[in-house]
Every structure is written in C-alpha cells, then in structure tokens.
Asker: 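Before I ask anything, let me first share the structure, which is written out below as structure tokens.
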Amino acid sequence: MTETARDIQPVELLINGIPVRAEPQMTIVEAAWAGGVPRVTGVGCLEGVCGSCRILVRRGKEVNVALGCETFVEPGMEALFLPAPGTDRHQYQLTDLSDGWDIQARFHEIFPEASRCRHCHGCVKSCPKDISVEEGVALAAAGHYREAGEAFLECVMCELCDSACPENIAPAHVGLFSRRITAFFHLRPPNLIHKLEEIRKEQADKKEQP
Amino acid sequence: MKRGLSLQAALAAYRPDAELAPVPELDDPDTLLNSYHPDHLRGSMTKLTIGPNAGADCQRELADLLQAEAFIDEADLAGAQVTDTDVLVVGGGGAGCAAALAAAERGARVLLVTKLRLGDSNTVMAEGGIQAAIEPGDTAQQHMQDTLRAGHHAGDPALVAAMVGDGPEVIRWLIHQGMQFDQTASGDLHTRRAGGMTAPRIVHCRDYTGLEMMRVLREAVKQHRGIEVWDQSPVVELLSNERGQKCVGAVLGSLTDGSMRIVRTRSVILATGGLGRLHLNGFPTSNHIGATGDGLVLAYRMGARLCELDSFQYHPTGLVHPPHLYGKLVTEGVRAAGALLLNAHGQRFVDELQPRDIVSAAIIRECREGRGIHTDTGGVGVWLDTPRLERSQPGMLQQQFPKLLARTHHVGIDPRLEPILVHPTLHYQNGGVVIDVNGATSVPGLYAAGEVAGGIHGRNRIMGNALLDIIGFGRRAGIAAAAAEHDRGPKKITLEHVNRARRDLTLAGLPLTQRAPRILPAYTAAGKDIWKP
Ligand SMILES: Cc1cc2nc3c(=O)[nH]c(=O)nc-3n(C[C@H](O)[C@H](O)[C@H](O)COP(=O)(O)OP(=O)(O)OC[C@H]3O[C@@H](n4cnc5c(N)ncnc54)[C@H](O)[C@@H]3O)c2cc1C
Ligand code: SF4
Ligand code: SF4
Ligand code: FES
C-alpha cells in the first residue's frame, strides 16, 4: 500500500492475439473487457475463487498458466484465455462406495493413473493457489485421504493441474474425491446427530397422537 | 459528502492497541435507516406500471428492466434446434445444483443450463457459513424468530418455518454429498454466532464455505447420470402455452456462437441468483459477473408475482482497497469473531453485530459526515480493525480466515498488520419471485429457488440463511418439479406471454427500446454486443 506515485503510462499487451492498451493495475480480465476483446466469458467471481478465468501467459520466452482475474497487465505480455476443460473421465458416485473397507481398491479402480505419478512437478507449477498438488496425489494414492483432501482446501477447480499432468491423473479430481469421501464416511458430528434424532422423535410422537 | 482523512494519514494515525471509548447508544434505528440506507435514497424508487405487481414500489433501475422488451420474437424460433427434457433447471449455482440433484434422485431426466461455467455463481464466493439450529440450547422456533425479526417481519412465516425446519437435514444432506465442515476438538460441528442471532448457529468450512459447497455439488451434478449440463447457455426467454398462462420451456442463447436453442419441458426451475451486477444506485457489488437479475425479468414477463422489489442488502464490509477488488466481500464472520469497526478518528460508531442494514447505514453516515477514510482512486470507507483482533487471538486470522489473507497477499497487503478499508457493497436481493413451500411460483410449470426467489428474508437477511435457503428450497423445487404431471396432447410452445407484455407496454405508453434480461453487464466486452455475432 506504499506506492503513491501512480504510473499513468498505458500498458500495451496482446490478449487472445488482439493488441490492447490497458491501464496499469488492471487485471487481464479487466484489460480484455476494456480493450473490447470479444467472447471473454470464461469469467465468474473476479476474485480468484471460481477458477474459470484460466489463461496462458507469455512473458518473453517464459510461458505460464494463471488466473486472469488475479494476474496484472505487464508491458509486452501475451495472454490467451483457455477454453473450459471438458468433463473428466474419472466417474464415480459416492453412494456406490458404501463400504469404507475396500475404499483403497475402489480409489485405484476409479483413478488407476494416480499410482503412476512421475514427479514431474507439472501440476505444482501450474497451480495458481500454490497447492502441494503432487504431494496430495501421493497421499491419496497411499490411502491417506483426509490429509490429501486437506492439501486441496483452497483448490478452486480451475483444473490447470489436470491439463498439465502427462499421466492424466486428474489431480484436482483426486483431491476432491479425497475431500468428499472424508466427509461421506467420517464426518459424524455428535451435535448434529443429536438434533436430527430429537427431530425424528418429535415427528414420531406427532404421528402417534392424532 | 464531507471529506475525512486520506488513506495515508489515517493509516499513520492508526494504532492496534489504542484505548477505545464504548460505542455510543443507538437511540433510533429507523431514523438511521431512513436517513442513510441506500433503499431510502431519494429518487431511487418508482412504481411499476405493468404486470402482476403494477402499482407496487420498485427500485428504479430494476423497474426499467422489468418493463422492457424481450430479446427475441417468433422469427428467432423458426429453425432453432428443439430438445425435450422432464425438468429444466436454469442456473448452475447452489440452488440449481440442489434442484437438479433432487429431481434426478427421483428419476426425472434433468437438463441444467447455465450462463457461465457450472459453478460460476454467488454460491462459490460465500465465505462465512450456513445456518442450522443444531446446538443443544437452540431450536427451530428461535431460528424462525431471528429470521423474521431481522427481516422486519416482512417474511412469509410459512416459508421461514419450512426453511428453518430443513436446517439440520440440509447439513446432513450436504455431508452426504461429501461436503466438509469445521469441527471442534470433540467432533461437534463448530458454530458461530453472527449479527441478529440469539444462538450460535453458523456452521462453516473455514471461510471457504461456498467454495467447498460449490466444488462438491458441481462434482455431484457432473457425475450424475441423470443430469445433462450445458455451459455458456443463458436463458434469454421462457416459452408459454397458447394462452400465455403456463411455462412449457425456454429459449437459450449460446455465448459461444450466438445461436438459439429451444428446450421443451414439463417444468422449469429458475435458479438464476441475484442482481448485484446491475450496480443499483451506483454501488459496487460483491456478486459474480452473471448476477444480472435475469430470473426476475423472465418470471415477471411470464406473469409471475414478485415481492420486496424495493429492498436490497448492502453488506457493510465491501473492500475499498486494493482497487481491483473494489466491492468484494469481507465476511461478516470476521466481525462475528470480534473485529471492530473504526472511523477515521479511530472511534467505534456502531455495535458491529447489529443487523446488516443498520451497520451499513452507520458506515455511510460516518463517511458522509466527514469521518471516512479516502483513497486516491476515489473510494471512501472506514476501518475493519483486523490487527487488533489478531493481537487478541494470535494466529486466528490465518486459521479461520485463510481466504481473507490469501486474496490480498499477492498485492502485498496483510490484514494482520494493516486494518482493512471497507464500505457497504450491493450484496443480496432480499425479495424476488413469490413462491410457496414447494418453490412453485404463481405461474403453472414455473418454479423458483435460491436468491431469485423472495418472501423468506423479508427486508433484510441474516448471515448464513441464504446458503440454507438455496439448498432447502432448491431440493424442494426439484422434488416438486420432478413430480409434476405430464401435459397430455401435443404441446404448443409460444411466445404469447411476450406478446402480452408488449401490448401492456404499448398501452402504458412505455418505450420498447430497452431489452432485457441483461445477461452480462455492458462493461464486459461480450455484454456490449450480446446476440450480435
Ligand atoms: C461474496 C459473497 C459472500 C456470501 N457469503 C454468504 C455466507 O457466508 N452465507 C450465506 O448464507 N450466504 C452468503 N452469500 C449469499 C449466497 O452466497 C447467495 O445468495 C447464494 O449462494 C445464491 O445461490 P443461488 O444458487 O440462488 O445463485 P447463484 O449461486 O448466484 O447461482 C446463479 C446461477 O445462475 C446462472 N444464471 C444467471 N442468469 C442466468 C440465465 N439467464 N440463464 C442461465 N443461467 C443463469 C448464473 O450463472 C449462476 O450459475 C454470499 C454472497 C456473496 C456474493
Ligand atoms: S489444485 Fe489444480 S484445480 Fe485446484 S487450484 Fe490448483 S491447479 Fe487449480
Ligand atoms: S503433473 Fe501428474 S505426473 Fe507430474 S507430478 Fe503432478 S501428478 Fe505427478
Ligand atoms: S473469475 Fe473466478 S477465478 Fe478468476
């Protein structure tokens, strides 16, 4: 919050191949809109939590992926909005996993690639939320779903890690699977259960006395 | 507006350990609201002249959209591809996903269409948590009283009773979908108490409650074999039967190629969320980019009754700085955890846990009377004193509000060291489409759930009730829509309701130049030339 002298030189950059003159301090999304770049609709929250504004950024020779609502314009930068990812191939329904004892076997059936991580760090490098994706995948593959899920707490489902993974592990979905089964099998809060039981009894009593 | 201190001067004068005088008594909340709440701004209200709410008060910019021409006419329907489904869900936020899952669980074929990507919504941004009366000392009755009182007794008691009664079961259902919540050391769900509540009742997942909810529901919807999802496909108009009295489908416009598609169905569930991006009265907003009030416009033209169109929630703590996050939210959870509000002179000026309308009005009063803090980009606000909170409970901000820290981290602002500059931001649509306990609107075949629906929160909503409302009523609407009777005989799909609205506009002497729904704000490049590929 210390910079007082605001730079008023416009910043020139390329967005989706279109030359744009933007104000400094603008994000890529703001610059795309102000510059009239058409069809930039892969945008939602504008605060880095919905994961839809996926962009590829080129600064000189360096290429990265990022979120367009959190990336600020820089002179000479090239930004390209990426299309939304398609539906993931790893399909499962929680209700089909009724028995927690075979969960590791089921996990490897659903995500057969998860044990084939080649530790290339592609996922970690592409994650805009600094999540230890690779470690999370390893924890899940070893059956430590609670810890794996915890690593993905701040995951915004941009699926940039999925796109980066050469083994098609779908790390984002591994993380979400880990979080979901942790709740599905293990979250049994006494205060909630007590209240549900109280309500059930009340309703049963009501039925008995017409 | 009288000018207060500059950001630099106020920051230099700020001390996290300064002694504070007690808050001055609030003698008359009504006078405060009447003088400073944006709903009471002079010239911001008008009366509707056409439609089922003719004669009722309505915010002026919203009225212009409710009394506008449709995007399309019969010519656009010719040649459009037609798809049939049992239930059409419009909107990919929490309410839409809950409705789709509930309808699909009951065996209906469901098509969910959404404007942006599935999950791009207000739901994903929710931070603070969701209410449910689950603590031993708490009851559904208490939850109901708190909700009605905070809503100035304008809410429909039958709807409120349904919502609070659903509370504990909604939390169980969410856990069953795989949603996590924070727990205490003994495994209970951790609860918080926020403004307007008589008991701790907010359950949450750190300050990522909406993100956790949306991630899980999005995955559940995508994984469900009975639900098909179309992204980037906003509804631009509904379809009616030949008499314009029943909803039988919708017209979608593609954001990717501008083409139109028709969906024929036995029931339509509107779950399009709120309208913050209309920037009513020139306010910034906490809402996502698709929150343009489309559902209200579509329902009204179809003949559905709306309510409380003159009442909106301005959340007290929208960010003023840094500029790219202007209007974005700081969750009320931070105040619930003990953070105070201070004016430019470092004085408290309101009980921070009063209902949101009161706190917002008080902040606006401070700013207007010269006790605000001004940025050099034209913003004004007051301090949310996070460093003091951190001093009293070291480590708590990181532990309980990681999103708050993460969001400003990359621009070098640390709320543990600097107080946060905040000002009220347009946050929530209190009213909406009138529904019954099954989510049915006054038009047969048309249901509404979530922020687009009204009648629950009266004229002011308390924290955590929106997330409860969207899941509770989303599921109720999904169940009812799936059970709706099939229409027998050939189904005629028409734009009769559009023709009726056009006749009404002409008779009332209103212009036919403005078109609605808005779909995207005009400041997005796509919003400028929508449907002109
Ligand atoms: C920053 C923020 C924080 C919040 N925090 C809390 C909180 O802590 N607790 C709480 O209870 N509430 C909170 N709220 C309020 C709550 O999140 C919302 O009211 C609620 O999530 C709305 O859910 P919804 O499903 O009705 O709408 P949304 O989640 O907004 O979903 C609407 C969906 O409809 C789509 N749509 C819109 N128009 C069309 C169209 N024409 N055609 C097709 N699709 C369309 C949108 O793209 C979107 O997918 C918060 C809100 C915000 C903005
Ligand atoms: S873990 Fe993957 S999906 Fe999640 S935020 Fe990181 S890159 Fe995006
Ligand atoms: S990108 Fe895939 S293979 Fe590479 S480290 Fe990550 S999970 Fe492993
Ligand atoms: S718009 Fe949601 S993450 Fe960028």
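A, B, ... follow the sequence lines: proteins, then strands. Residue 1 opens every chain. Values below: every heavy atom of this structure, side chains too, minus hydrogens, waters and symmetry copies.
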Asker: For the CG atom of A:Leu94 and the CD atom of B:Gln223, what is their distance to the nearest 0.5 Å?
Answerer: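 Nearest 0.5 Å value for the CG-CD distance: 8.5 Å.
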
Asker: When rounded to the nearest 0.5 angstrom, what is the spacing between NE2 in B:His324 and CZ in A:Phe72?
Answerer: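 Output value for this atom pair is 3.5 Å.
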
Asker: Give a yes or no on whether B:His279 atom NE2 has more than 12 heavy-atom contacts from other residues, nucleotides or ligands under 6.0 Å away.
Answerer: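 Check passes, neighbour count above 12.
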
Asker: Let me know if B:Ala133 has heavy atoms under 4.5 Å from chain A in its side chain, its backbone, both or neither.
Answerer: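 Backbone only.
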
Asker: Looking at A:Thr27, A:Leu153, A:Val37, A:Asp88, which has the largest count of heavy-atom pairs under 4.5 Å with chain B?
Answerer: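 The candidate making the most pairs under 4.5 Å is A:Leu153.
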
Asker: Using modelled atom types and a 3.5 Å cut-off, is there a donor and acceptor pairing between side-chain atoms of B:Arg117 and backbone atoms of A:Cys50?
Answerer: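 Here the side-chain-to-backbone pair exists.
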
Asker: Just so I understand: if I count every heavy-atom pair under 4.5 Å between each of A:Val156, A:Leu192, A:Val40 and chain B, which residue has the most?
Answerer: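 Heavy-atom pairs under 4.5 Å are most numerous for A:Leu192.
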
Asker: Would you mind checking which part of A:Glu202 comes under 4.5 Å of any heavy atom in chain B, side chain (CB onward), backbone (N, CA, C, O), both or neither?
Answerer: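 Neither the backbone nor the side chain of A:Glu202 comes within 4.5 Å of chain B.
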
Asker: Checking B:Pro168 against chain A: side chain, backbone, both or neither under 4.5 Å from a heavy atom?
Answerer: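 Both backbone and side chain.
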
Asker: Where does B:Leu118 contact chain A at under 4.5 Å (heavy atoms): side chain, backbone, both or neither?
Answerer: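 Neither; nothing under 4.5 Å.
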
Asker: Using a cut-off of under 4.5 Å on heavy-atom pairs, state which of A:Gln93, A:Met157, A:Gln91, A:Arg179 scores highest against chain B.
Answerer: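 Between A:Gln93, A:Met157, A:Gln91, A:Arg179, the count favours A:Arg179.
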
Asker: Out of B:His224, B:His176, B:Arg172, which one racks up the most heavy-atom pairs below 4.5 Å with chain A?
Answerer: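 Winner by heavy-atom pair count: B:His176.
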
Asker: Top residue by heavy-atom pair count (under 4.5 Å) with chain A, among B:Leu189, B:Asn122, B:Leu116?
Answerer: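 The candidate making the most pairs under 4.5 Å is B:Leu189.
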
Asker: Measuring from B:Ile134:CD1 to A:Glu198:CD, what's the distance to the nearest 0.5 Å?
Answerer: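 Nearest 0.5 Å value for the CD1-CD distance: 11.5 Å.
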
Asker: So does A:Cys45 get a backbone contact from the side chain of B:Lys328, meaning a donor-acceptor N/O pair under 3.5 Å?
Answerer: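 Looks like yes, one N/O pair under 3.5 Å.
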
Asker: Does any heavy atom of chain A fall under 4.5 Å from the side chain of B:Glu135, the backbone, both, or neither of them?
Answerer: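 Both the backbone and the side chain of B:Glu135 come within 4.5 Å of chain A.
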
Asker: Pick from B:Gln232, B:Glu169, B:Lys222: which one has the most heavy-atom pairs with chain A under 4.5 Å?
Answerer: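 Going by pairs under 4.5 Å, I would pick B:Gln232.
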
Asker: Is A:Lys195 reaching over with its side chain to a backbone N or O of B:Asp138, donor-acceptor style, under 3.5 angstrom?
Answerer: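 Such a contact is found between A:Lys195 side chain and B:Asp138 backbone.
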
Asker: Would one find more than 12 heavy atoms of other residues, nucleotides or ligands at under 6.0 Å from atom CD of A:Glu135?
Answerer: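 No - once you tally the heavy atoms of other residues, nucleotides and ligands closer than 6.0 Å, there are 12 at most.
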
Asker: State, without any angle test, whether B:Glu219 and A:His173 hold a side-chain donor-acceptor pair at a distance under 3.5 Å.
Answerer: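 The criterion, which ignores hydrogens and geometry beyond distance, is satisfied for A:His173 and B:Glu219.
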
Asker: Could you have a look at B:Lys403, B:Lys115, B:Glu212, B:Arg215 and say which one has the most heavy-atom pairs with chain A under 4.5 angstrom?
Answerer: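 Of the candidates given, the most pairs with chain A belong to B:Arg215.
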
Asker: By ring-ring contact (aromatic ring centres under 6.0 Å, His included), which residues pair with A:His90, not counting sequence neighbours?
Answerer: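 A:His90 satisfies ring-ring contact (aromatic ring centres under 6.0 Å, His included) with A:Phe111 only.
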
Asker: Sort out for me which of A:Val43, A:Val29, A:Ile193, A:Asp130 touches chain B most, counting heavy-atom pairs under 4.5 Å.
Answerer: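 Max contact count across the listed options: A:Val43.
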
Asker: Is it the backbone or the side chain of B:Ser121 that comes under 4.5 Å from a heavy atom of chain A, or both, or neither?
Answerer: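 Neither; nothing under 4.5 Å.
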
Asker: Minimum heavy-atom separation for A:Pro190 and B:Gly187, please, with both atom names.
Answerer: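 Reported closest heavy-atom pair: CD-O, 3.4 Å.
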
Asker: Please classify the contact between A:Cys155 and chain B as side chain, backbone, both or neither, with a heavy-atom cut-off of under 4.5 Å.
Answerer: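 Both parts, heavy atoms under 4.5 Å.
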
Asker: Exactly one of B:Thr256, B:Leu255, B:Asp231 should register a side chain to side chain contact (heavy atoms under 4.5 Å, CB included) with A:Thr41. Which one does?
Answerer: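 The side chain to side chain contact (heavy atoms under 4.5 Å, CB included) with A:Thr41 is passed solely by B:Leu255 among B:Thr256, B:Leu255, B:Asp231.
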
Asker: Between B:Arg407 and A:Glu154, is there a side-chain N and carboxylate O pair less than 4.0 Å apart?
Answerer: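 Judged by the 4.0 Å cut-off on N to carboxylate O distance, B:Arg407 and A:Glu154 do not form a salt bridge.
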
Asker: Is B:Gln183 in contact with chain A via its backbone, its side chain, both, or neither, using a 4.5 Å heavy-atom distance?
Answerer: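 For B:Gln183, side-chain heavy atoms alone lie under 4.5 Å from chain A.
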
Asker: Side chain, backbone, both or neither: which part of B:Pro322 has a non-hydrogen atom closer than 4.5 Å to chain A?
Answerer: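 The answer is neither part of B:Pro322.
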
Asker: Distance check, rounded to the nearest 0.5 Å: B:Ile289 atom CD1 versus A:Cys53 atom SG?
Answerer: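 The CD1 atom of B:Ile289 sits 11.5 Å away from the SG atom of A:Cys53.
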
Asker: For atom CZ of A:Arg106, is the number of surrounding heavy atoms from other residues, nucleotides or ligands below 6.0 Å larger than 12?
Answerer: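 Counting neighbours around CZ of A:Arg106, more than 12 heavy atoms of other residues, nucleotides or ligands fall under 6.0 Å, so yes.
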
Asker: Which atoms of B:Leu211 are under 4.5 Å from chain A, going by heavy atoms: the side chain, the backbone, both sets, or neither?
Answerer: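 When you check distances to chain A, only side chain atoms of B:Leu211 fall under 4.5 Å.
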
Asker: With B:Ile175, which of A:Arg180, A:His186, A:Arg188 fulfils side chain to side chain contact (heavy atoms under 4.5 Å, CB included)?
Answerer: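 Passing option: A:Arg188.
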
Asker: Return the minimal non-hydrogen interatomic distance between A:Trp33 and B:Tyr523, and the atom names on each side.
Answerer: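 Shortest heavy-atom separation between A:Trp33 and B:Tyr523 comes out as CB-O, 3.4 Å.
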
Asker: Tell me, side chain or backbone of B:Thr184 under 4.5 Å from chain A's heavy atoms, or both, or neither?
Answerer: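 Answer is neither: B:Thr184 stays 4.5 Å or more from chain A.
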
Asker: Checking heavy atoms, do the side chain of B:Met179, its backbone, both or neither come under 4.5 Å from chain A?
Answerer: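 The backbone, not the side chain.
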
Asker: Using side chain to side chain contact (heavy atoms under 4.5 Å, CB included), reason through B:His288 and A:Leu46 one step at a time and then give a plain yes or no.
Answerer: CA-CA 7 Å; B:His288 81 120; A:Leu46 302 177; over 6 Å; no

Asker: Please determine, among A:Leu187, A:Asn191, A:Thr95, the option with the most heavy-atom pairs under 4.5 Å with chain B.
Answerer: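 With the most close heavy-atom pairs to chain B, the winner is A:Asn191.
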
Asker: May I ask you to name which of B:Gly290, B:Ala220, B:Gly119, B:Pro323 has the most heavy-atom pairs under 4.5 Å with chain A?
Answerer: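 Winner by heavy-atom pair count: B:Ala220.
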
Asker: So which residues of residues 199-209 of chain B are in contact with chain A at a heavy-atom cut-off of under 4.5 Å?
Answerer: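 At a heavy-atom separation under 4.5 Å, chain A is reached by B:Cys205, B:Arg206, B:Tyr208.
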
Asker: Is the shortest side-chain N to carboxylate O distance from B:Arg225 to A:Asp96 below 4.0 Å?
Answerer: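 Yes, charged N to carboxylate O under 4.0 Å.
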
Asker: Counting only non-hydrogen atoms closer than 4.5 Å, does A:Glu30 touch chain B with its backbone (N, CA, C, O), its side chain (CB onward), both, or neither?
Answerer: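 Contact with chain B is through the side chain of A:Glu30 alone.
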
